[in-house]
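Below, read A as the first sequence line, B as the second, and so on, with proteins coming before strands; counting in each chain starts at 1.
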Amino acid sequence: MSNLELFDDEWARREQLAPGAMLLRGFALPHEVELLAALPELIARAPFRHMPTPGGRRMSVAMSNCGRYGWVSDRQGYRYASAAPLSGQPWPAMPAVFRRLAVAAAASAGFPGFEPDACLINRYLPGARMGLHQDKDERDLAAPIVSVSLGLPAVFLFGGLRRGDRPARILLEHGDALVWGGPARLCYHGVAPVKKGQHPRLGEQRINLTFRKAR
DNA sequence: GAGTCTCA
DNA sequence: GGGC
């Protein structure tokens, strides 16, 4: 059985948000149990942190990473690093189920051959948010971004290529995958403050996995 | 360098 | 939109 067959996308309801941007509703649900089972060990080895921004503030989202590279922020700036800043330890390896999910979602959205080398793990407790920004710290902008939502729902803000473009508001729920690349690769995006709630499996939190090709 | 930030 |  091939990797792609493991993530049979007959499941997903596709919604084209813009050229190059595809929402795959429920794409991760078939492997929900394995995805969630992998999380505790990853977080034990690379604990969530509220990283400081270069401007000296603190992000409301708590972050960890797995894979060869991890996205980090500090007073020096944003970058990808092969080790966790505080511990100096390499990031935990990207679980095979993570990689297969990301590769299959990318292929399903029209980006075959995606080779993620970084997975940012974001934890949103109620009230946490992510301001509008572009993902532009990656070396290869030909590779798409793959985002997988777990736990509490959140309103995703999907904007255009200019900061001033009014973003669309898209409700992302447990199991949804969102892929953007090509002409949408540098679209501004963010997450509105997460509302209080309880998810049956994850409790009072939203976990987002973002797969990138950093280098 | 920074607008993944908050306040006007 | 400004400041570390």
What pattern of brackets, bars and dots sums up DNA chain B from 5' to 3', given Watson-Crick or G-U wobble pairs under 3.5 Å, [ ] for crossing pairs and | for another strand? ....|...
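Residues satisfying the side-chain contact (heavy atoms from CB on, under 4.5 Å) test with E34(A), not counting sequence neighbours, are H31(A), V97(A), R100(A). Residues meeting the side-chain contact (heavy atoms from CB on, under 4.5 Å) test with A21(A), sequence neighbours left out: L17(A), A18(A), F158(A), W180(A), A184(A). The side-chain contact (heavy atoms from CB on, under 4.5 Å) search around D140(A) returns A142(A), A143(A), K213(A), not counting sequence neighbours.
Summarising the hydrophobic clusters (Ile, Leu, Val, Met, Phe, Trp, Tyr; side-chain heavy atoms under 4.5 Å, direct or chained), the residues clustered with L161(A) are L141(A), L186(A).
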List the atom pairs, with distances to 0.1 Å, where a side-chain N or O of residues 113-123 of chain A and a protein N or O form a donor-acceptor pair under 3.5 Å, not counting sequence neighbours.
residue, atom, partner, partner atom, Å
D117(A), OD1, A214(A), N, 2.6
D117(A), OD2, A214(A), N, 3.4
D117(A), OD2, R215(A), N, 3.1

Acceptor/donor pairs from residues 125-133 of chain A side chains to any protein atom, 3.5 angstrom cut, sequence neighbours excluded:
residue, atom, partner, partner atom, Å
H133(A), ND1, G131(A), O, 2.9
H133(A), ND1, H189(A), O, 3.2
H133(A), NE2, D135(A), OD1, 3.1
H133(A), NE2, H189(A), NE2, 3.2

Donor-acceptor pairs under 3.5 angstrom involving side-chain atoms of residues 43-50 of chain A: please list them, not counting sequence neighbours.
residue, atom, partner, partner atom, Å
R45(A), NH1, E41(A), OE2, 3.2
H50(A), ND1, M59(A), O, 2.9
H50(A), ND1, S60(A), O, 3.4

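Judged as a salt bridge (charged side-chain N to carboxylate O under 4.0 Å, His left out), the pairs with a partner in residues 62-78 of chain A (not counting sequence neighbours) are, in order, D74(A)-R79(A). The list of salt bridge (charged side-chain N to carboxylate O under 4.0 Å, His left out) pairs with a residue in residues 159-184 of chain A, not counting sequence neighbours, reads R25(A)-D176(A), R162(A)-D165(A).
Base contact: D137(A) has a heavy atom under 4.0 Å from a base atom.
Residues from residues 140-150 of chain A that place a heavy atom under 4.0 Å from any atom of DNA chain B: there are none.
Atom pair H133(A):NE2 and dA2(B):P shows a separation of 16 Å (rounding to whole Å applied). Regarding D135(A), its CG atom lies at a distance of 17 Å from the P atom of dA2(B), rounded to whole Å.
Rounded to the nearest 0.5 angstrom, L23(A) CG and L172(A) CG are separated by 6.5 Å.
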Under 3.5 Å between N/O atoms: give me all the protein pairs with nucleotides 5-8 of chain B, atom names plus distance.
residue, atom, partner, partner atom, Å
dC5(B), OP2, G131(A), N, 3.4

